[in-house]
2 protein chains.
Amino acid sequence: MSKEQHPVGGSKTAAAPGPGRPRAFDEAEALEKALCVFWHKGYETASVDDLTKAMGLSRSSFYGAFGNKQDLFHQALSHYSRRALKTLRAVADAGGDDPVGAMMEALANPQGGRDGCMLINCLTELAPHDDEVAALGRQHLESIDEIIAKALEPSDPGRALDKARAYASLAIGTLALRKAGVPGERISQTLKQARSVISP
Amino acid sequence: MSKEQHPVGGSKTAAAPGPGRPRAFDEAEALEKALCVFWHKGYETASVDDLTKAMGLSRSSFYGAFGNKQDLFHQALSHYSRRALKTLRAVADAGGDDPVGAMMEALANPQGGRDGCMLINCLTELAPHDDEVAALGRQHLESIDEIIAKALEPSDPGRALDKARAYASLAIGTLALRKAGVPGERISQTLKQARSVISP
DNA sequence: GTGTTTTCGGACTAAATAGTCCAAAATTAA
DNA sequence: TTAATTTTGGACTATTTAGTCCGAAAACAC
């Protein structure tokens, strides 16, 4: 009488083998595929059919492993946030003489191409009606500020956080341009101009 | 044999009386109600039932007057854009000694409260899959830049547009904070800090 | 092997969705 | 009044939606 255990979210690493038939799919891979669908289509527009097809799962496996569409989405978004912040830190470390510029470029031109930043997309679509998404969004944005501030501290310890917030909002604001179809090249240019105009 | 004429979008002012029963509702008012629903719920989540209920129309009147859900949406969004730009110009004119600050404040704290700026919302939700929305978005964002640039020209004619773009992106970027539930007061504060840090 | 546990495929359900259709009522022009 | 034209209410349809259920197959422990 053991019902509805969908251990993907529960166990940090691969669960103990245990008895019974093992999963025929890689949960992390499936989550990644779902992430792509949500990223590209948004939450509402992504149907369970879209998701299962992209993930290569039957509905049974889907619901058995991830609970339901909303649970899966929260897992995917949380995963996205962690990975995006990790990437941002890596960009800062590899940014050479201008880590802040490199980070702004990374924020303004995310991997998703025309799809922009998944977290900002989902914040816009869902946050006013989904407290969990709103909370994750606040946390994510705050983390971005802190990562940028850390890079600014050596040169301007007093106002590092305020500056970081300004740079972050500036970069995130340009995501609207990307959504509107302005080519990435022109966005980078705009960003550089903005920065040169900002710290003269 | 005259079919499917839904003249709301066609005629600038009230249509000529003509023969037949006149509309029992005010088209502009109905559009305004629809606008509120789209603003609050987004395009996909707003059902035709939601819309007709808010507009006080039967389905016949709805489809007869506005074509279909997508047409209505485009009309509403276009109306929103015109009105928002008009408001922004008014804010600039009434901005006293700091029109740019007043405009940024208006952009960052739009009328929709927690719902943010409808145009940015819809750009985020739809632009990658709806060219008309993308085009309207580009146009709107460009107009914002120009309005701000006009206010900057007297003091810095050379780089007015570049500065304007930076300020606009900065203000628009803070909309993400609003979506995430950060209170408007703190956003205004952040915006002021950012500005002071930007032009020292 | 045997028994137990779990996954899997896919048919199924109930609800919501956008959009259509038609008869009845309302209005105007003559 | 009469004829023409339009709006209106609401029933209706076809499709899509998220989620459930069950028998069969697969893999483990022993």
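Keep in mind that what you see is a predicted model, and the values were worked out from it rather than measured.
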- Task: Check if the side chain of Arg59(B) and the base of dG19(C) share a donor-acceptor pair of N or O atoms closer than 3.5 Å.
- Result: yes
- Looking just at side-chain N and O atoms, do Ser58(A) and Ser61(A) make a donor-acceptor pair shorter than 3.5 Å? yes
- Query: Under 4.0 Å between a side-chain N or O of Ser58(B) and OP1 or OP2 of dT8(D)?
  - Reply: no
- Starting at atom CG of Asp49(A), determine the distance to atom C1' of dA11(C), rounded to an integer number of angstrom. 13 Å
- Query: When the nearest nucleotide of DNA chain D is assigned to Gly56(B) and to Phe62(A) on a heavy-atom basis, which residue is associated with the more 5' position?
  - Reply: Gly56(B)
- Message: Quick check: any donor-acceptor pair below 3.5 Å linking the side-chain of Ser60(A) to the base of dG9(C)?
- Response: yes
- Message: Is it true that Arg178(A) and Thr174(A) share a donor-acceptor pair across their side chains at a distance under 3.5 Å?
- Response: no
- Query: Between Leu57(A) (CG) and dG9(C) (P), how many Å, whole number?
  - Reply: 8 Å
- Geometric cation-pi criterion, Lys69(B) with Tyr43(B): 6.0 Å, 45°: yes
- Query: Does Ser61(A) place a side-chain N or O at less than 4.0 Å from the phosphate oxygens OP1/OP2 of dC8(C)?
  - Reply: yes
- For Leu72(B) and dA18(C), what is the distance between atoms CG and C1' respectively, to the nearest whole Å? 13 Å
- May I have the distance from Tyr63(B) (atom OH) to dT8(D) (atom C1'), rounded to whole angstrom? 16 Å
- Query: Once you round it to whole Å, what is the distance between C1' of dT17(D) and CD of Glu44(B)?
  - Reply: 12 Å
- Message: Could you tell me if Glu125(B) and Thr124(A) have a donor-acceptor pair between their side chains, going purely by distance under 3.5 Å?
- Response: no
- Note on the structure: To the nearest angstrom, the NZ-P distance between Lys53(A) and dT16(D) comes to 12 Å
- Aromatic centroids of His74(A) and His79(A) separated by under 6.0 Å: no
- Using atom OH of Tyr43(A) as one end and atom P of dT17(D) as the other, report the distance to the nearest whole Å. 13 Å
- Message: By nearest atom, which of the nucleotides dT8(D), dA18(C), dT17(D) is closest to the Lys69(B) side chain?
- Response: dA18(C)
- Separation of dA18(C) atom C1' from Asp71(B) atom CG, nearest Å, is 13 Å
